[in-house]
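Worksheet for the structure shown next.
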Amino acid sequence: MSDLSPSLADPLKEANEPSSPVARFGPEAPLLMDCGVVLDHWQIAYQTYGTLNADKSNAVLVCHALTGDQYVASRNPITGKGGWWTAMIGPGKPIDTDRFFVICANVVGGCTGTTGPASTNPATGKPWGLSFPVVTIRDMVRAQAALIDSLGIETLFCVAGGSMGGMQVLQWAASYPGRVFSALPLATGAKHSAQNIAFHEVGRQAVMADPDWRQGRYLEEGTRPSKGLSVARMGAHITYLSEQALHRKFGRKLQDREAPTFSFDADFQVESYLRHQGLSFVERFDANSYLYVTRAMDYFDLAADHDGVLARAFAGTKTRFCVASFTSDWLFPTADSRAIVHALNAAGASVSFVELESDKGHDAFLLEEPNLFATTRGFIGAAARARGL
Ligand SMILES: CC(=O)SCCNC(=O)CCNC(=O)[C@H](O)C(C)(C)COP(=O)(O)OP(=O)(O)OC[C@H]1O[C@@H](n2cnc3c(N)ncnc32)[C@H](O)[C@@H]1OP(=O)(O)O
Ligand SMILES: N[C@@H](CCO)C(=O)O
């Protein structure tokens, strides 16, 4: 397996050169959003890696998760860190940029260059804030389709992503069935569960309870609701891990001390770790974007868009699917993936399914998981042969 699991020891060393540094696409056509608003002026920030072939048949669209960005396989200029999926994408890697043209775009509502609540509303000259229209997963995908059109790509060879990225993969397959040759939804679901909505609501309330949030107008008022956003991330981060992973990493070990301090300082390593996750998050993410993007996930319910029957979302599909879940993922448990697979089978789709053994929880899809790399390599390789690539 060692050739399938590139080292993550130095993510910057692993980072690739994007073929489109800081590309921005500002379409002439307005974006019609599910909430009924028409966004006249908008843009998408995206990165590409590898080379588009002559007949434009080798494009892989990678969709990012909740707080991801377009820097999927190259240095992120905001954090200075390597891309979030450098283990998966690059020359010779499971999504091989020597063969495929990889595109990754920041979602609408996001905060790394694509239009979102922190962008300026041209009508007022001020940040949109909460006057930005509520975004759905389908809006994100509609915007990506405009980008893909602009690149002259009719059919994507593959659409891949985990978590909220996986929701976009499913939405792509449902909205544009003729434009997706293969689809790789990972650690995801066809709807957000009540428990997941509940966790998101706790996070949003933490943001909105911060007095520096200023009813969403903090950019105009020169404040930042860092404390609220940090607490939101701390809570959410627990859901991305697992009990086993927390025990393995930290157990009940104390942080830089021999004994409890009888205070509310971060005595335990796990407390110090969560504080670090919260603090580093607020340096790279906008609080209002957090409200909008979590909401988009909450609203996602693909069956509801098809008379309550998920299989109808995939009726007549020719797309080849590979669905994967992780054993320790309690945020998007294997049952969620099975529901997708049942619907795909009912729709007569070509689908394979794998439940990957891992104790790393939901975020396992972001980590060095040799079995995930092997699955991806195998699925993409077979699809490429079927596509004649
Ligand atoms: C698909 C997408 O779109 S990507 C989405 C956006 N990106 C992410 O969500 C990535 C952020 N998430 C993470 O980092 C998640 O923790 C994981 C699970 C993916 C990473 O897992 P791992 O690589 O195992 O890292 P781990 O969870 O141990 O965290 C390491 C960090 O915690 C810090 N840390 C570890 N122990 C402690 C401690 N006791 N006290 C304080 N900080 C600590 C490390 O210094 C390191 O900090 P750094 O990231 O600033 O360098
Ligand atoms: N930890 C990842 C996945 C969450 O689903 C993120 O923040 O985007």
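Note that these values count all heavy atoms, side chains included, but never hydrogens, waters or copies made by symmetry. Positions are given from 1, in the same order as the sequence printed here. What you see is a predicted model, and the numbers here were worked out from it, not measured in a lab. Atoms within each ligand, like the ligands themselves, are counted from 1 in listed order.
- No side-chain N or O of S328 forms a donor-acceptor pair with one of D359 less than 3.5 Å apart.
- The closest protein non-hydrogen atom to atom 41 (C) of ligand 1 is S272 OG, 3.2 Å.
- Residue-level proximity to ligand 1 for F250 is carried by the side chain, the only part with a heavy atom below 4.0 angstrom.
- Under the 4.5 Å side-chain heavy-atom criterion for ILVMFWY residues, no single connected hydrophobic cluster contains both I238 and M164.
- Across all their heavy atoms, V108 and M33 have their closest contact at CG1-CE, 4.4 Å.
- For R284, the heavy-atom gap to ligand 1 drops under 4.0 angstrom.
- If you check which protein heavy atom lies closest to atom 3 (C) of ligand 2, you get D363 OD1, 3.2 Å.
- Neither the backbone nor the side chain of L66 comes within contact range of ligand 1; no heavy atom lies under 4.0 Å.
- One side chain, E369 or S358, offers a donor N or O that lies under 3.5 Å from an acceptor on the other.
- At a 4.0 Å heavy-atom cut-off, ligand 1 touches Y273 through backbone and side chain alike.
- Set against the non-hydrogen atoms of L66, the atoms of ligand 2 under 4.0 Å away are 8 (O).
- A donor-acceptor pair shorter than 3.5 Å can be found between the side chains of R204 and T294.
- Looking only at atom types and distance, the side chain of T334 has a donor-acceptor partner in the side chain of E355 under 3.5 Å away.
- When ring centroids are compared, F268 and F250 stay outside the 6.0 Å threshold.
- Distances between N or O atoms of L241 and those of ligand 1 include no value under 3.5 Å.
- Checked against the 6.0 Å centroid criterion, the rings of H237 and Y273 qualify as a close aromatic pair.
- Summarising the geometry, atom CG belonging to L241 is positioned 10.5 Å from atom NE2 belonging to H362; distances are rounded to the nearest 0.5 Å.
- Minimum interatomic distance between M167 and G189 (heavy atoms only, all atoms of both residues): CG-O, 3.8 Å.
- Listed by number with element, the atoms of ligand 2 under 4.0 Å from a non-hydrogen atom of H362 are 5 (O).
- With a 4.0 Å cut-off on non-hydrogen atoms, T67 touches ligand 1 through its backbone as well as its side chain.
- Here the heavy atom of the protein found nearest to atom 49 (O) of ligand 1 is K81 NZ, 3.0 Å.
- Scanning the protein heavy atoms around atom 9 (O) of ligand 1, the nearest turns out to be R233 NH2, 3.1 Å.
- For ligand 1, one of its N or O atoms has an N or O atom of K249 under 3.5 Å away.
- Closest to atom 17 (C) of ligand 1 among all protein heavy atoms lies D363 OD2, 4.1 Å.
- Of the heavy atoms in R233, only side-chain atoms (C-beta onward) come closer than 4.0 Å to ligand 2.
- Contacts of Q70 with ligand 1, taken as heavy-atom pairs under 4.0 Å, are absent altogether.
- Atom CG of residue D363 and atom NZ of residue K360 lie 11.5 Å apart, to the nearest 0.5 angstrom.
- Under 4.0 Å from ligand 1, the heavy atoms of F365 that appear belong solely to its side chain.
- For the pair M88 and ligand 1, no heavy-atom separation below 4.0 Å is found.
- For the pair S280 and ligand 1, the shortest N or O to N or O distance does not fall below 3.5 Å.
- H64 and N106 share a donor-acceptor pair across their side chains, judged by distance under 3.5 Å alone.
- Less than 4.0 angstrom separates some heavy atom of A65 from each of these atoms of ligand 2: 3 (C), 8 (O).
- Residue-environment remark: NZ (K318) stays at or below the threshold of 12 foreign heavy atoms within 6.0 Å.
- The shortest contact between atom 39 (N) of ligand 1 and any protein heavy atom is with Q255 OE1, 2.8 Å.
- Ion pairing between a basic and an acidic side chain is recognised when a charged N comes within 4.0 Å of a carboxylate O; D336 and R338 show no such pairing.
- Every atom of ligand 1 is numbered from 1 in the order shown, and the set under 4.0 Å from a heavy atom of H64 is 3 (O).
- Closest to atom 31 (C) of ligand 1, if we only count protein heavy atoms, is Q277 NE2, 3.7 Å.
- Taking atom 33 (C) of ligand 1 as the reference point, the nearest protein heavy-atom neighbour is H276 CD2, 3.6 Å.
- Scanning the protein heavy atoms around atom 13 (C) of ligand 1, the nearest turns out to be H237 CE1, 3.8 Å.
- Scanning the protein for heavy atoms near atom 5 (O) of ligand 2, the closest one is S163 OG, 2.7 Å.
- With salt bridges taken as basic N to acidic carboxylate O contacts below 4.0 Å, none links D96 and K93.
- Ligand 2 lies nowhere less than 4.0 angstrom from a heavy atom belonging to H237.
- A salt bridge links D265 with R257; the closest basic N to acidic carboxylate O contact falls under 4.0 Å.
- Closest to atom 8 (O) of ligand 2 among all protein heavy atoms lies T67 N, 2.9 Å.
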